[in-house]
Enquirer: 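Sharing a structure, written as structure tokens. Questions coming.
Every chain is numbered from 1 and lettered A, B, ... according to where its sequence line falls, protein lines coming before strand lines.
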Protein chains: 2
Amino acid sequence: MNISEAAKAAGLPVKTVRYYADIGLVSPTSRSDAGYRTYDATALRKLVFVRRARAFGFGIDACRELLDLYQDHGRSSAEVKQIASRRLDEITLKQRELQALHDTLSHLVQSCRGDDRPDCPIIDYLG
Amino acid sequence: MNISEAAKAAGLPVKTVRYYADIGLVSPTSRSDAGYRTYDATALRKLVFVRRARAFGFGIDACRELLDLYQDHGRSSAEVKQIASRRLDEITLKQRELQALHDTLSHLVQSCRGDDRPDCPIIDYLG
DNA sequence: TATAGACCCTCCAGCAACTGGAAGGTCAAG
DNA sequence: CTTGACCTTCCAGTTGCTGGAGGGTCTATA
């Protein structure tokens, strides 16, 4: 499998697959005589795995750890759970931050008449 | 006021104030003979304004627009409201995304025993 | 007056995770 | 043998700063 086929099958842009190869996250199985990256089913599974992990917002380093655990059949699920819990905490924190922003901003937006006059509670709040 | 005093008064790092000057977001009032940036009360108010706007997650370009409106006493509040509404929509969208992530991930984390055995619904989900 | 230390300056590099593009090599079909 | 779709590497840009090097300035004190 050349890179574009692998990328399509993994649901990733070619550029991203090349990037993952560059940073040693998912290496191609081998290189052709012409230097083309080639991917087999195992490498493809890793690409899919990374795409899903990234969708959860796991950083590249976390993906590396998860990928290691994915391939380590003697892993302890506790290690995986710890990484996932950390990410869950981050998400929860971000949600709280966004909730606070949303509350304040939606209140301001609602109280702004939004007409052609200059007085505006949003600007007042910021200034 | 030199930059460090202005930065402290605005609640921003010196580096950030210098950065805002570099990109023309908040220019210093003037320069001293030695080339030091100096800030007066008006420039300071702009710095504070930008800090608050950034805290809402407005991008630099949005800050530029808001700052223009802030200084335009003949503005229409509709313009401000539109910018704020866009940001509110972004926040709402992000919240929905995070909610979906949270739901799925918390479910996975809960269903993972987290012991020393390898089977793990989190890894299964990703793989 | 000398000097120490706290300021200030500019410029360059790096962060995360790609993305776009230029310049050029390779491959398969017609 | 040419065309066009691949592939390669390398460099630059994205967002909003942040850190650091290398060097100038200012003020207080000895």
Enquirer: Relative to the ring of A:Phe56, is the ring of B:Tyr125 parallel (under 30°), tilted (30 to 60°) or perpendicular (over 60°)?
Expert: tilted

Enquirer: Less than 3.5 Å between a donor and an acceptor, one on the side chain of B:Lys15 and one on the base of D:dG16, is that the case here?
Expert: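 Under the 3.5 Å cut-off, the side chain and the base do not form any donor-acceptor pair.
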
Enquirer: Is any side-chain N or O of A:Thr16 closer than 4.0 Å to OP1 or OP2 of C:dT19?
Expert: yes

Enquirer: Starting at NZ of B:Lys8 and ending at P of C:dC7, how long is that distance when rounded to a whole Å?
Expert: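 Taking atom P of C:dC7 as the reference, NZ of B:Lys8 is at 8 Å.
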
Enquirer: Need one value for B:Ile23: base, sugar-phosphate or nothing, where a base atom within 4.0 Å counts as base even if backbone is also close, heavy atoms only.
Expert: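 No contact at all - B:Ile23 keeps every heavy atom at 4.0 Å or more from the nucleic acid.
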
Enquirer: Only one of A:Leu47, A:Val50, A:Val48 clears side chain to side chain contact (heavy atoms under 4.5 Å, CB included) with A:Leu12; which?
Expert: A:Leu47

Enquirer: Send over the distance from A:Ile3 CD1 to C:dG25 P, rounded to a whole Å.
Expert: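 From A:Ile3 CD1 to C:dG25 P: 20 Å.
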
Enquirer: In whole Å, what is the span from the CE atom of B:Met1 to the C1' atom of D:dC26?
Expert: 19 Å

Enquirer: At less than 4.0 Å, is any side-chain N or O atom of A:Arg31 found next to OP1 or OP2 of D:dT9? Yes or no.
Expert: yes

Enquirer: To the side chain of A:Ala34, which of C:dC27, C:dC9, D:dC7 is closest?
Expert: C:dC27

Enquirer: Using whole Å, report how far CD1 of A:Ile60 lies from C1' of C:dT19.
Expert: 14 Å

Enquirer: With distance as the sole test, does B:Arg37 use its side chain to make a donor-acceptor pair with the main-chain N or O of B:Ile3 at under 3.5 Å?
Expert: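 No, because the side chain of B:Arg37 does not come within donor-acceptor range (under 3.5 Å) of the backbone of B:Ile3.
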
Enquirer: Using atom CZ of A:Arg18 as one end and atom P of D:dT8 as the other, report the distance to the nearest whole Å.
Expert: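 Spelled out: CZ on A:Arg18 to P on D:dT8 is 5 Å.
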
Enquirer: To the side chain of A:Tyr36, which of D:dG24, C:dT10, C:dC27 is closest?
Expert: C:dC27

Enquirer: How many Å lie between CZ on A:Phe56 and P on C:dA17, as a whole number?
Expert: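 Distance, rounded to whole Å: 17 Å.
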
Enquirer: Whole angstroms only, please: what is the CD-P distance between A:Glu5 and C:dC27?
Expert: 16 Å

Enquirer: Is the shortest side-chain N/O distance from A:Ser32 to OP1 or OP2 of C:dT26 below 4.0 Å?
Expert: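 For C:dT26, OP1/OP2 do not have a side-chain N/O of A:Ser32 under 4.0 Å.
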
Enquirer: If only side-chain N and O atoms of A:Arg54 are considered, is one of them under 4.0 Å from the OP1 or OP2 phosphate oxygen of C:dC18?
Expert: yes

Enquirer: Below the 4.0 Å mark, does D:dT25 have OP1 or OP2 next to a side-chain nitrogen or oxygen of B:Arg37?
Expert: no

Enquirer: Considering every strand and a 4.0 Å limit on heavy-atom distances, what is the contact class for B:Phe58: base, sugar-phosphate, or nothing?
Expert: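 Here B:Phe58 touches no strand at all.
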
Enquirer: Here's a test of your reading of the structure: between A:Tyr19 and A:Asp33, which maps to the more 5' nucleotide of DNA chain C?
Expert: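 Result of the comparison: A:Tyr19.
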
Enquirer: If only side-chain N and O atoms of B:Tyr20 are considered, is one of them under 4.0 Å from the OP1 or OP2 phosphate oxygen of D:dC17?
Expert: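 So the side chain of B:Tyr20 is within the cut-off, an N or O lying under 4.0 Å from OP1 or OP2 of D:dC17.
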
Enquirer: Nearest 0.5 angstrom please: A:Lys94 NZ to B:Leu98 CG, how far?
Expert: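 Rounded to the nearest 0.5 Å, the NZ-CG separation comes out at 8.0 Å.
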
Enquirer: What is the separation between atom CZ on A:Arg87 and atom C1' on C:dA16, rounded to the nearest whole Å?
Expert: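 For the pair A:Arg87 CZ and C:dA16 C1', the rounded distance is 13 Å.
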
Enquirer: Salt bridge or not for A:Arg117 and A:Asp119, using N-O below 4.0 Å?
Expert: no

